[in-house]
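Written out below as structure tokens is the structure these notes cover.
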Amino acid sequence: MPLALQKILDEKKKENSFRELKSNPQSIDFCSNDYLGLARSQELFYAIQRSAERLRPPYNGSTGSRLLSGNSELAEEVEKKLADIFHAPKSLLFNSGYTANLAVLSCLPGRGDTILYDELVHASIRDGARLSLASRFSFRHNDLNDLEEKIKRAKGNIFVAVESIYSMDGDKCPLEELVSLTEKYDVTIILDEAHSTGSYGENGSGLAVQKKLENCIAIRVYTFGKAMGVHGACVAGDDKLINYLINFARPFIYTTAVSPHSLLAIRCAFDFLKGQMGIQSILQEKIKLFLTGFEKMKWDCAKSDSAIQNVIIPGNSNVKELAHFLQHHHFDCRSILSPTVKEGSERIRICLHSFNSDKEINELNHVLSEFQV
Ligand SMILES: Cc1ncc(COP(=O)(O)O)c(C=O)c1O
């Protein structure tokens with residue numbers, strides 16, 4: 001191979017930013033996005049299995065793009081259900097949140113338009129914006145004054161991309177204030193609810209619906225691989241939005257549709273959550289318990305009251321050392337290195353779950369207090 005792949009990989013090793021695949025099945029999970037324990041729920045597992053056994057005719061794959069052989073009554077039924085949960089006229093399914101964001105960002109803002117995105121948005125939003133012909137600029141994290149300055153200078157149709165809960169810092173977007181600002185300037189909000197789907201709102205409907213702002217946020221992306229414990233995503237919005245995506249979104253058109261098994265899993269996961277809404281409050285109690293101990297330690301951290309917490313230790317090697325220390329104590333906590341986060345804000349990302357016992361949370365805090373930087 002003519003490319004100097006090994007040399008580039010060696011440089012990454014030297015910079016301490018080499019990525020490797022790891023699994024820690026014996027450790028206590030403070031790492032996964034399975035905030036409500038649905039991915040590990042036996043009850044949900046068997047509910048999905050039973051619904052797969054009842055599927056008529058039995059089918060394994062979706063067999064093609066939604067625009068060819070991949071459409072089905074089941075897909076349309078699940079989209080109708082999701083639209084009801086997310087209080088939207090329509091929804092459109094995607095294979096993942098990554099492709100849903102690529103679709104939205106790459107095809108809605110066109111040449112002459114402007115995308116303004118929070119500097120901490122997920123890579124899928126950035127990648128989608130790069131594929132679009134619109135101009136794109138970031139604004140300072142959660143800084144609506146900076147955003148307003150950029151809106152004033154923006155051209156064409158203006159799109160603002162934010163997350164309801166940020167995937168690395170775990171803090172929330174000030175949605176009410178953002179909506180007031182964008183109404184003043186006729187701006188379209190693209191809201192990624194990846195980390196709030198399931199954990200917030202009635203039936204897992206997320207933060208926009210919980211705050212009754214759904215009618216002010218035109219484009220909403222929901223993902224099912226985190227608190228919902230399964231896989232896939234959808235975009236929720238009006239008829240025009242969904243028809244536009246069906247006609248122009250390449251990540252929707254040129255891929256095999258979501259499999260029947262995944263559709264059943266999404267449907268079962270929302271039915272399951274509807275009958276277990278108490279787990280949202282259990283998760284909130286676990287977060288409070290963690291913060292009670294954690295806040296006393298005065299670690300540098302991004303302020304968060306969500307399931308995503310973090311310990312900031314600048315430097316890839318320092319943060320790797322803390323990750324090893326925690327892993328040695330059987331906690332599955334992973335380091336997030338630069339360039340995934342900005343240099344100087346390398347961190348341990350701690351995810352709390354409804355199934356973490358109080359003892360595990362207290363022990364994690366105890367072990368964190370013993371680490372010497
Ligand atoms: C904010 C955000 N959006 C989108 C995604 C992508 O979702 P998926 O994992 O379903 O592709 C993620 C996943 O990490 C995320 O954190």
Side-chain angles (χ1 to χ4, degrees), residues 33 62 65-67 70-71 75-76 78-109 115 117-118 120-132 134 136 159-167 173 188-201 204-209 214 217-259 262-263 265-267 269-270:
N33 297 318
S62 68
S65 159
R66 282 292 289 284
L67 288 165
N71 197 26
E76 291 183 5
V78 171
E79 282 176 343
K80 166 89 185 58
K81 183 184 184 72
L82 294 170
D84 290 346
I85 291 170
F86 300 127
H87 295 202
K90 281 267 170 81
S91 84
L92 188 66
L93 283 156
F94 284 83
N95 279 301
S96 70
Y98 186 89
T99 49
N101 276 333
L102 273 201
V104 164
L105 273 297
S106 64
C107 88
L108 292 164
I115 302 168
Y117 59 92
D118 187 288
L120 295 191
V121 290
H122 190 256
S124 52
I125 294 180
R126 289 166 182 272
D127 292 357
R130 281 167 66 182
L131 288 173
S132 157
R136 59 184 199 275
F159 295 82
V160 171
V162 293
E163 291 172 24
S164 48
I165 293 182
Y166 282 87
S167 59
C173 172
T188 303
I189 300 175
I190 299 171
L191 177 65
D192 179 338
E193 294 245 36
H195 293 278
S196 43
T197 311
S199 305
Y200 293 83
S205 54
L207 273 178
V209 172
E214 63 269 28
I217 302 176
I219 307 167
R220 291 175 273 139
V221 175
Y222 296 92
T223 73
F224 313 133
K226 302 187 195 299
M228 295 312 299
V230 287
H231 198 97
C234 77
V235 177
D238 68 12
D239 224 27
K240 261 188 299 194
L241 169 70
I242 300 305
N243 277 330
Y244 196 87
L245 291 171
I246 292 172
N247 279 275
F248 294 103
R250 297 169 71 85
F252 176 81
I253 300 168
Y254 297 107
T255 194
T256 300
V258 179
S259 72
S262 237
L263 293 171
I266 293 165
R267 188 174 72 184
F270 278 98

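The stretch residues 234-248 participates, sequence neighbours left out, in these side-chain hydrogen bond (donor to acceptor under 3.5 Å, both in side chains) pairs: K90-D239. Residue pairs meeting the salt bridge (Lys or Arg N to Asp or Glu O under 4.0 Å) criterion with at least one partner in residues 217-227, sequence neighbours excluded, do not occur; the list is empty.
Residues D84 and F270 are not in side-chain contact: their nearest non-hydrogen atoms beyond the backbone lie 4.5 Å or more apart. In this structure, the side chains of V235 and L241 come closer than 4.5 Å at one or more pairs of heavy atoms. The closest side-chain heavy-atom distance from I219 to L108 is below 4.5 Å. Using a 4.5 Å heavy-atom threshold, the side chains of L93 and L263 count as touching. Counting only heavy atoms from C-beta outward, the side chains of L105 and F159 never approach each other to under 4.5 Å. A heavy-atom distance below 4.5 Å is not found between the side chains of V104 and D192. In this structure, the side chains of F224 and C234 come closer than 4.5 Å at one or more pairs of heavy atoms. Side-chain contact between L245 and C107 is present, with heavy atoms from C-beta onward closer than 4.5 Å.
N33 and H195 make their closest contact through OD1-CE1, 4.0 Å (heavy atoms, listed as atom of the first residue, atom of the second, distance). Nearest heavy-atom pair, L191 versus S164, reported as atom, atom and distance to 0.1 Å: CD1-N, 3.5 Å. Residues R66 and L92 share a closest heavy-atom pair of NH1-CD1, 4.5 Å. Across every non-hydrogen atom of L120 and E163, the tightest pair is O-OE2, 4.0 Å. Considering all non-hydrogen atoms of both residues, F94 and A103 come closest at CE2-CB, 3.5 Å. The two residues A134 and P109 make their nearest non-hydrogen contact at CB-CB, 3.7 Å.
To the nearest 0.5 Å, atom CD1 of residue I125 and atom CD1 of residue I115 are 10.0 Å apart. Going from atom CZ of R126 over to atom CG of L131 covers 14.0 Å, rounded to the nearest 0.5 Å. In this structure, the separation between CD1 on I253 and CD1 on I246 is 9.5 Å, given to the nearest 0.5 Å.
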Derivation and outcome, side chain to side chain contact (heavy atoms under 4.5 Å, CB included), residues D118 and Y166:
CA-CA 10 Å; D118 187 288; Y166 282 87; 3.3 Å; yes

Quick one, I266 with M228, criterion side chain to side chain contact (heavy atoms under 4.5 Å, CB included). Give me CA distance, side-chain angles, the key distance, then yes/no.
CA-CA 8 Å; I266 293 165; M228 295 312 299; over 6 Å; no

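S106 places a side-chain N or O within donor-acceptor distance of the main-chain N or O of L102, the cut-off being under 3.5 Å. In this structure, the side chain of S62 engages the main chain of A257 through a donor-acceptor pair within 3.5 Å. No side-chain donor-acceptor contact under 3.5 Å links S262 to the backbone of S259.
Relative ring orientation between F86 and Y222 is described as parallel, the plane-to-plane angle staying below 30° on a 0-90° scale split at 30° and 60°.
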